[in-house]
There are 2 protein chains.
Amino acid sequence: MDSLTALNQFRAQVEIFVPLTEAEWQVLKSYLEIIVLKKKKNLAEPGKVCNYLTLVAKGAVRYFHIKDGEEITGYFSFENEFASSYKSFLTRQSAINYVQALEDTILVSFSYNNLQQAYADELIGHKMERMCRLIAEHYLICCEDRIASFVTQTPEERYNKLLETGGEVLQRIPQHYVANFLGITPVSLSRIRRRIMKISA
Amino acid sequence: MDSLTALNQFRAQVEIFVPLTEAEWQVLKSYLEIIVLKKKKNLAEPGKVCNYLTLVAKGAVRYFHIKDGEEITGYFSFENEFASSYKSFLTRQSAINYVQALEDTILVSFSYNNLQQAYADELIGHKMERMCRLIAEHYLICCEDRIASFVTQTPEERYNKLLETGGEVLQRIPQHYVANFLGITPVSLSRIRRRIMKISA
DNA sequence: CCAAATTCTTATCTTTTGTTAACGTTTTGA
DNA sequence: TCAAAACGTTAACAAAAGATAAGAATTTGG
C-alpha cells in the first residue's frame, strides 16, 4: 500500500464524520504523517508519552499491559479504526500500556503538535474540532457498551456475543488474546468453547 | 439551590475545559434548561430516546439495566459530573438503560435540539465544538481506565482501588449498587470486605 | 528445513464467585 | 407510628474461574 492510498483511506474515514471540501482536505492532509510499523514494533509503550493519534490504514495493533510479568491484552484496532495510547496522547503523561503492531502496519497519523496546529488553523480549525468531537463521541459510546458488557454479562455471554457479531477479532487474533479481551484467562476461554460446542452439538 | 447557583456551577465546570467571555456565556446560557428530578424519577429509560445531556448541579443519578427482572447498576454521576444516556442522546435511538435520580436532583441541561443550535451558533459554535470535544475526550479516558480495570484487575483489586481513591461512591451509595459497579454480586462484595477486614485487623 | 516458540486443549486442584435462603438491622413511606 | 421494604451479612452448596502443568498441533524464524 502506498501513501496515497493510505491518505485516501483516512479521508474516507473522517468524511464519515465530517464532509470536507477539496481545499479543506489539502490543508488537513498537510498535518498528516504516514507511519510504517513493522510487526511487534510499538506505537506506544509504558513510561513514554504517546505522540501520535493514528488511523490504521493497513494491518492491526494490539493494546496490552504487563502485570506480574505477563502480557494482558485489552484491545485491538483494525483497518479504518483509530489507534493511540489515547490517555497518554491527550494528557501528555507517560503511557501505561503498549500499543504494538500485530502485523506489518501502516498508520496515518497526527503528531500531537500537528493536531494542535490543525485545531488552530483558520481554515479547518472549526471542522477539526467537530470531527474530533464526533470521533471521541463515537469511541465513548463503544467504551460504554464494553463496560456494560462487563457489568451485565458473564464471560460466556460476552464470548457468545462476540461470536454473533462475528468480530474480525476471532479470525485474526490468537485465542489467548481474545480471552484477555473478554476479561478471563485463556484456559477459561477454552473451557467456555468446549461447553458451547457440547450444547450446539 | 436556585437556578442561578446551578447555572453558575455549570459555567464553572465547562470553563475548566474552555474559558468563556461574558458575552459567550450569555449566549450559551440561553440554550440551557434546568431540570428538577425528584428521587426515583428517571432522566432516561429503556425504549425512549434520551433527549438531554445534563450536568448534575445537586444530587446524584444512577445508571442501571434490567436483566432477568433484576436491576444491575453500572454507574453513577454526582455533583459536577455530566449525566445522560449518552448513546441514546447522541444516536437518537432508544435507550437501553435507566438513568434515575438517587436523591432529589437538579440538572443543568441541553436538550438535543438546543445543543445542535449551540453548535450552529455563529458566536459560540466553535467553542461549543471544542468544549464538547474536550468533555467527550475526558469521559473517554475515564471509560478506558474503567475497562482496563476489568481486564487487568480482580474484583478485590478493583474494590481496594475504590477504597484508596476514596470515591464518594462508598459514602453515598448502598453497597449492593457498588457491587454491581464492580461487576460482582452483593454477596460477593460482602465476602471481599470480610477478607480485607481480617487482613488489616 | 528444522529446532524453538507459540498456541490450544485438557486435567487436576484451589480459590473465588454465583445462587439461594435466612436473619437481624435500618430505612422508607403511607 | 408502624408495617413493609430495603440492606448487609452469613451459611451452604453448586458452578465457574484461576493456577499450574503436561502434551499435541501449529507456526515461526533463522
Side-chain angles (χ1 to χ4, degrees), chain A residues 38-41 59-60 62 64-65 67-73 76 100-104 149-160 162-163 169-201, chain B residues 38-41 59-60 62 64-73 76 98 100-104 149-160 162-163 169-201:
Chain A
K38 284 279 171 191
K39 183 172 178 174
K40 300 254 181 186
K41 293 292 179 186
R62 172 173 73 100
F64 63 94
H65 294 246
K67 186 182 181 187
D68 306 327
E70 296 280 306
E71 293 182 2
I72 302 179
T73 297
F76 315 92
Q100 187 176 97
L102 275 162
E103 321 161 7
D104 290 356
S149 82
F150 282 113
V151 171
T152 65
Q153 295 179 261
T154 64
E156 186 161 337
E157 287 169 331
R158 287 200 290 281
Y159 179 66
N160 275 318
L162 198 59
L163 285 177
V169 172
L170 296 166
Q171 272 82 55
R172 291 172 66 174
I173 301 296
Q175 229 114 60
H176 64 288
Y177 291 164
V178 175
N180 290 164
F181 173 78
L182 294 170
I184 57 179
T185 61
V187 176
S188 191
L189 177 56
S190 188
R191 283 189 290 232
I192 287 170
R193 285 162 52 81
R194 185 158 52 94
R195 276 203 301 267
I196 292 172
M197 277 185 60
K198 282 191 178 170
I199 292 166
S200 59
Chain B
K38 285 280 172 191
K39 182 173 179 176
K40 300 256 181 184
K41 293 293 179 184
R62 173 173 74 100
F64 62 94
H65 295 245
I66 303 280
K67 185 183 180 186
D68 305 328
E70 296 282 305
E71 293 182 3
I72 302 180
T73 297
F76 315 93
Y98 290 86
Q100 187 175 98
L102 275 162
E103 321 161 6
D104 290 356
S149 81
F150 282 113
V151 172
T152 67
Q153 295 179 260
T154 63
E156 185 160 340
E157 287 170 331
R158 287 199 290 280
Y159 179 66
N160 274 317
L162 198 57
L163 285 177
V169 173
L170 296 166
Q171 273 81 58
R172 291 173 66 175
I173 302 296
Q175 228 116 58
H176 64 288
Y177 293 164
V178 174
N180 291 164
F181 174 77
L182 294 169
I184 57 179
T185 60
V187 176
S188 192
L189 177 56
S190 188
R191 284 188 291 231
I192 287 171
R193 284 161 54 79
R194 185 159 53 94
R195 278 203 301 266
I196 292 172
M197 277 183 61
K198 281 191 180 172
I199 291 167
S200 60

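Here is how names work: the chains are called A, B, and so on, in the same order as the sequence lines, proteins then strands, and each is numbered from 1.
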**Item:** Leading and trailing nucleotides of DNA chain C with any atom under 4.0 Å from heavy atoms of chain A
**Value:** C:dT7 to C:dT12

**Message:** In this structure, how many angstroms lie between the P atom of D:dA16 and the CZ atom of A:R158, rounded?
**Reply:** 14 Å

**Request:** Can you tell me the distance, in whole Å, between the CD atom of B:Q153 and the C1' atom of D:dA17?
**Result:** 18 Å

**Item:** A:K39/A:D104 ion pair, N-O < 4.0 Å
**Value:** no

**Asked** Hey, does the side chain of A:K67 reach the backbone of B:T152 with a donor-acceptor pair shorter than 3.5 angstrom?
**Response** yes

**Message:** Strictly distance-based, threshold 3.5 Å: is any side-chain N or O of A:R62 a donor or acceptor partner for the main-chain N or O of A:Q100?
**Reply:** no

**Request:** Kindly check if the number of other-residue, nucleotide or ligand heavy atoms within 6.0 Å of CD (A:Q171) is above 12?
**Result:** yes

**Prompt:** Would a 4.5 Å heavy-atom cut-off, applied to side chains only, mark B:Y159 and B:I184 as touching?
**Reply:** no

**Message:** Side-chain N or O of A:T185 versus OP1/OP2 of D:dA17: is the shortest distance under 4.0 Å?
**Reply:** no

**Prompt:** Taking the six-membered ring for Trp, are A:F150 and B:F150 parallel (under 30°), tilted (30 to 60°) or perpendicular (over 60°)?
**Reply:** parallel

**Prompt:** Relative to each other, are the rings of B:Y98 and B:F64 parallel, tilted or perpendicular (30° and 60° limits)?
**Reply:** parallel

**Fill in**
B/S/- along nucleotides 2-12 of chain D (protein heavy atoms under 4.0 Å) is -----SSBBBB

**Prompt:** What's the spacing between B:H176 NE2 and B:E71 CD if we round to 0.5 Å?
**Reply:** 7.5 Å

**Prompt:** Relative to the 5' end of DNA chain C, which residue comes earlier, B:K39 or B:P155, by the nucleotide with the nearest heavy atom?
**Reply:** B:P155

